[in-house]
Amino acid sequence: MGTKAFNSKVLKEESRPSIVQRMENQERQKKFEQKQKEVEKEIRQEQREALKQGIRPKFVTNKEKSLRMAEDEWALIPDQHQRTIVHIDVDCFYAQVEMVRDPSLRDKPLGIKQKNLMVTSNYVARSMGVKKSMWIKDAVKILPNLVFVDGSDLTHYRQFSTEISAVAQSFTPNVERLGLDENYVDITDIVGDYISPEYSAIEGHVFGDKEEDRKVLGDPCGCGCLQRLTAGSHLAKKIRQQILETTGITCCAGVAHNKLLAKLVSGYYKPNQQTVVFPWQAHDVMESLKQARSIPGIGSTTFKILEDLNISTVQELQNASLSTLHTRFDEETSKRLKDLSYGIDEGLVRKSGKPQSIGLEDAFKKTSKQKSWDLTSQTHQPAKGRLKQKVKERKPQRLKPKALLNLM
DNA sequence: CTGGATGAG
DNA sequence: CATTCTCATCCAG
């Protein structure tokens, strides 16, 4: 799927793979096919053995074959870099919203509280030793003059959140919301417009931020990702600027060829900064994480199971054999875990559903039998209806890809 | 179709 | 006192 995701414009305008790269790719492909042959030979050998011993040879499925191939040579599996993804992460979201709503808070240490918990704080507070999230009493101990705003009512945060997403959506419809303060933007379709000499320098940070990473000399890949990601850094900057202009909110951005890396690097330089990472740096990014738990997609449950298998660092996960993982996870998950450990992520940016808001005053319109939303439909349901019913209505569960296209 | 698991914020 | 809640996705029953 990812392989055919680039559109014609990008194809036209991006530089073609260099000769060196084409050769490297051929080399890789050859190795891959070689491995394939080896595995098949192995299997035939095993079957012959079985026959010799009078045992009926077991049938080896293609799936099993690919699993075996991947076993030793995971890195040989081609990782494509056709997409360009931006992950946008708002700086201390709630605190910023409050500071925009009341500018007098700007230069004061500010904490947003919910119940007994300070859920976030502004950077003034953080510079004075207050952590992101703390118990109120602990925060006050550190900073007696900390100003608190109650953040139990999410209405304003939702409004700002949709505004921010709307800015991104004005660039491309391919925007996926993640919570209230994060957005994935797949800019593959529009990044071609920014590939030009005018944008040849990288905007913002490069992961690692060494001078050598900035130099355009040598293109380690040649598939065009260098140009696309460079252009992407300019687009990311533009999106961030626009967000700032229209909402007064600053944010960070990460630019990469997949969601995983974009998200991992977006917070690398904070606040109000951005970072691009190139495919050949994927290993460095992953190694910069110690625990496998800090990989998005590996939650507490999965991590516990990994620990059972004596796997807790990213590196241990990289080195874990598929068969080991397979003892506790299904095959797809096992592969997925290995992919993640190498910074490989084919996950698509999915257009998020309708403007979020779950407030009590909200009414819903739904089409009675259609599987897609149609806001022009007349059916009107008082929001009073059970939450559950609302949720059911607004998420027409698994949308067929076709229906998804109609969503915007 | 639905409830439980899982994960993110 | 690492809490509680909301939301999305996946899948087995």
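What you see is a predicted model; the values in this text were computed from it and never measured.
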Student: Grab the NZ-P distance between A:K113 and C:dA2 for me, whole Å please.
Tutor: 21 Å

Student: Rounded to whole Å, please give me the gap between CG in A:L178 and P in C:dC7.
Tutor: 14 Å

Student: Could you give the side-chain donor-acceptor pairs of residues 85-97 of chain A under 3.5 Å, partners two or more places apart or in another chain?
Tutor:
| residue | atom | partner | partner atom | Å |
| --- | --- | --- | --- | --- |
| A:H87 | ND1 | A:S266 | OG | 2.9 |
| A:H87 | NE2 | A:E182 | OE1 | 2.9 |
| A:D91 | OD2 | A:T250 | OG1 | 2.9 |
| A:D91 | OD2 | A:N272 | N | 3.0 |
| A:Q96 | OE1 | A:T250 | N | 2.9 |
| A:Q96 | OE1 | A:T250 | OG1 | 3.3 |
| A:Q96 | NE2 | A:D91 | O | 2.9 |
| A:Q96 | NE2 | A:T250 | O | 2.6 |
| A:Q96 | NE2 | A:T250 | OG1 | 3.2 |

Student: Provide, to the nearest angstrom, the distance between the CG atom belonging to A:L180 and the P atom belonging to C:dT6.
Tutor: 13 Å

Student: Look at the side chain of A:K137 and decide which nucleotide, out of B:dT6, B:dA8, C:dC1, has an atom nearest to it.
Tutor: C:dC1

Student: To the nearest angstrom, how far is A:K259 atom NZ from B:dA8 atom P?
Tutor: 12 Å

Student: Heavy atoms only, 4.0 Å cut-off, all strands: where does A:D181 land among base, sugar-phosphate and nothing?
Tutor: sugar-phosphate

Student: With sequence neighbours excluded, tell me which residues meet side-chain hydrogen bond (donor to acceptor under 3.5 Å, both in side chains) with A:N183.
Tutor: A:S165

Student: Over 60° means perpendicular and under 30° means parallel, so classify the ring planes of A:H205 and A:Y269, tilted if in between.
Tutor: parallel

Student: Under 4.0 Å from any atom of DNA chain B, heavy atoms only: list the residues of residues 290-297 of chain A that qualify, in numerical order.
Tutor: A:R293, A:I295, A:P296, A:G297

Student: The criterion is salt bridge (Lys or Arg N to Asp or Glu O under 4.0 Å); which residues satisfy it with A:D138, sequence neighbours excluded?
Tutor: A:K141

Student: Please pick, from C:dC1, B:dG7, C:dT9, the nucleotide with the shortest atom-to-atom distance to any side-chain atom of A:T301.
Tutor: B:dG7

Student: What is the separation between atom CZ on A:R158 and atom C1' on C:dT6, rounded to the nearest whole Å?
Tutor: 8 Å

Student: Within this structure, what is the CZ-to-C1' distance between A:F329 and B:dT6, rounded to whole angstrom?
Tutor: 12 Å

Student: Listed by chain and number, what are the ring pair (Phe, Tyr, Trp, His ring centres under 6.0 Å) partners of A:F148, not counting sequence neighbours?
Tutor: none

Student: Please confirm whether A:Y194 and A:H234 have ring centers closer than 6.0 angstrom.
Tutor: no

Student: What salt bridge (charged side-chain N to carboxylate O under 4.0 Å, His left out) pairs are there with at least one residue in residues 105-133 of chain A, not counting sequence neighbours?
Tutor: none

Student: Separation of A:Q114 atom CD from C:dA2 atom C1', in whole Å?
Tutor: 14 Å

Student: List in chain and number order the residues that pass salt bridge (Lys or Arg N to Asp or Glu O under 4.0 Å) with A:D345, two or more places apart in sequence or in another chain; answer none if no residue qualifies.
Tutor: A:R336

Student: What is the distance, to the nearest angstrom, from the CD atom on A:E176 to the P atom on B:dA8?
Tutor: 13 Å

Student: I'd like a list of close polar pairs between nucleotides 3-5 of chain C and the protein, N/O only, cut-off under 3.5 Å.
Tutor:
none

Student: Sequence neighbours left out, what passes salt bridge (Lys or Arg N to Asp or Glu O under 4.0 Å) with A:D150? Give chain and number order.
Tutor: none

Student: Please classify the nucleic acid contact of A:I298 as base, sugar-phosphate, or nothing, using heavy-atom distances under 4.0 Å.
Tutor: sugar-phosphate

